[in-house]
Amino acid sequence: MNDWHNDPDRAGIENIIRILKKPLHLDETFELRVMSAVHAEALAKIDADHSAEIDERWWTKRYTLRFTALGGFAAAASIAAVIALSAIGINRSSQPQSAVNPQSSMAVNPEATVVTHFILVHNNARQVYLVGDFNGWSRSQTPLKRAANKSAWTISIPLSEGKHEYAFIVADENGEHWIADPLTQPVQDEFGTESSIVRVDATSS
Amino acid sequence: MGPLADRPDASIVAQVLTGNTDAYGILVNRYRDTYTRFAARMLGSLEDADDALQLAFVRAFRNLAQCRDPDRFGSWLYQIVVNECRTLGARRTKREKRLVRDESKVDSAATPDTSADAALRDEIQYALNRLDPQQREAFLLRHVEGLGYEEMSEITGVGISALKMRVKRATERLRGFLEGALT
């Protein structure tokens, strides 16, 4: 049953929906184009296996976290900080961005990548995810790990140089909540949703 | 077991993950049209829908191993499609700050305008384009794609009560925009 079954004006809105439900089709080359890009991705994955050694390097690299004082925020529900840690060169030239869309958010091919550490302190979270332009705002792609103190959630990921927009999705007993980084000045996107900005600069690390 | 094309999503996902890249084409074919309608209505053009779906399918392939419930691949893919539409929609808004009526011609690009509904269809797409993107997204998922609120919440990451409010407001605003056209 729809949301306006008792609505005297339902005929009008049902007419809108009837028209919007008409199927639409992309051109016949769509599947071919997608599969070309997919095959290029599959080849790139093989190349990526060879770069595992590089990936391991940034996880094991020694670094020092620079936290802002947390004491003043003890009563706050959550506290977060994002800290750029170290710059390393990761050659990602094997990624086939041009096969997809060179102007897309995926078309990043940096010479240098900065390992960026994200931390969110949230007392009631059951799971925290990092979403941003760097992972296509994918909820499932970048889950944070709970730290030993049980309230801090962290993750370190390599980010390309430049400005990145991000936010956290916190899952707690009341469901999932989108939150901007509490320690940044939030920005509002075209959807009215608040998110945060991190500027990554390899030369200053 | 029957042809691969007839098998459920989980079986095809397993094939892809074991190296049968071509099998992914079955999933592309299976979900392309359904998500085309959503993306085109959301973004206001088939060209942008094409971009969004290409990005979504490739991103889904890249992250296929992270699909925790392959039986529900379609729902997982929907999340990615919605995210791509958000990203492209935001980029388009930055590129073109003004709305132009030509953008509403989603259907005419796909099929000749022979239907008596053609003029109304353009009016409706124009009205959709005027909605807040969050409201447009919720309205389309609920009433055009026929999803339940729980699934919408899973796909969008938005709470059910907020989604209901967005659908309600979208409906009210569409009625207002189309008051003359629907009588």
Practice task
Kindly indicate whether the side chain of A/Ile13, heavy atoms from C-beta on, has any atom under 4.5 Å from the side chain of B/Leu178.
Solution key: no

Exercise for the section: Apply the test side-chain contact (heavy atoms from CB on, under 4.5 Å) to residues B/Thr87 and A/Asp133: give CA-CA distance (whole Å), side-chain angles for both, the deciding distance (0.1 Å), then the verdict. Expected result: CA-CA 8 Å; B/Thr87 304; A/Asp133 51 17; over 6 Å; no

Completion exercise
If you tally heavy-atom pairs under 4.5 Å between each of B/Asp22, B/Asp50, B/Val28, B/Thr34 and chain A, the highest tally belongs to B/Asp50

Handout entry: Straight-line distance of B/Thr36 OG1 to A/Leu24 CG, nearest 0.5 Å
Key = 7.5 Å

Exercise for the section: Answer with side chain, backbone, both or neither: which region of A/Asn135 has an atom nearer than 4.5 Å to a non-hydrogen atom of chain B? Expected result: backbone

Completion exercise
Here the gap from B/Gln125 atom CD to A/Leu20 atom CG, rounded to the nearest 0.5 Å, amounts to 7.0 Å

Practice task
Measure the shortest side-chain to side-chain distance between B/Glu145 and A/Lys21 over non-hydrogen atoms and say whether it is less than 4.5 angstrom.
Solution key: no

Fill in the blank from the handout: Separation between CD1 (A/Ile16) and OG1 (B/Thr171), nearest 0.5 Å, reads 8.5 Å

Handout entry: Interface moiety of B/Ile160 toward chain A, non-hydrogen atoms closer than 4.5 Å
Key = neither

Handout entry: From A/Arg139 atom CZ to B/Trp76 atom CH2, the distance as rounded to the nearest 0.5 Å
Key = 12.0 Å

Exercise for the section: Taking side chain to side chain contact (heavy atoms under 4.5 Å, CB included) as the test, write out the residues that go with B/Ser75, two or more places apart. Expected result: B/Arg72, B/Glu151, B/Glu154, B/Ile155

Handout entry: A/Gln188, CD atom: more than 12 neighbouring heavy atoms under 6.0 Å
Key = yes

Problem - Side-chain (A/Arg33) to main-chain (B/Gln54) donor-acceptor, under 3.5 angstrom - result: no

Completion exercise
Shortest non-hydrogen pair, A/Gln141 vs B/Gln66, comes out as CA-OE1, 3.3 Å

Problem - Heavy-atom pair of closest approach, residues A/Ser138 and B/Asn83 - result: CA-ND2, 3.8 Å

Practice task
Taking atom CZ of B/Arg30 as the centre, report whether more than 12 heavy atoms of other residues, nucleotides or ligands fall under 6.0 Å from it.
Solution key: yes

Exercise for the section: Look at atom CD of B/Glu172 and say whether more than 12 heavy atoms of other residues, nucleotides or ligands are closer to it than 6.0 Å. Expected result: yes

Practice task
Identify the two heavy atoms, one from A/Glu31 and one from B/Arg32, that lie closest to each other, and give their separation to 0.1 Å.
Solution key: OE1-NH1, 3.5 Å

Exercise for the section: Can you see which heavy atom on B/Val58 is nearest to which on A/Val34, and at what distance? Expected result: CG2-O, 4.4 Å

Practice task
Would you give the length of the straight line joining atom CG of B/Asn29 to atom CZ of A/Phe30, rounded to the nearest 0.5 angstrom?
Solution key: 10.5 Å

Exercise for the section: Could you pull out the closest heavy-atom pair between B/Leu46 and A/His25, with the gap in Å? Expected result: CD1-O, 3.9 Å

Practice task
Using non-hydrogen atoms and a 4.5 Å limit, figure out which bit of B/Arg86 sits close to chain A: side chain, backbone, both or neither.
Solution key: both

Problem - B/Leu53 to A/Leu26 - nearest heavy-atom pair and separation - result: CD1-CD1, 3.8 Å

Handout entry: Stepwise side-chain contact (heavy atoms from CB on, under 4.5 Å) check, A/Ile17 with B/Phe139
Key = CA-CA 10 Å; A/Ile17 291 165; B/Phe139 180 86; 4.0 Å; yes

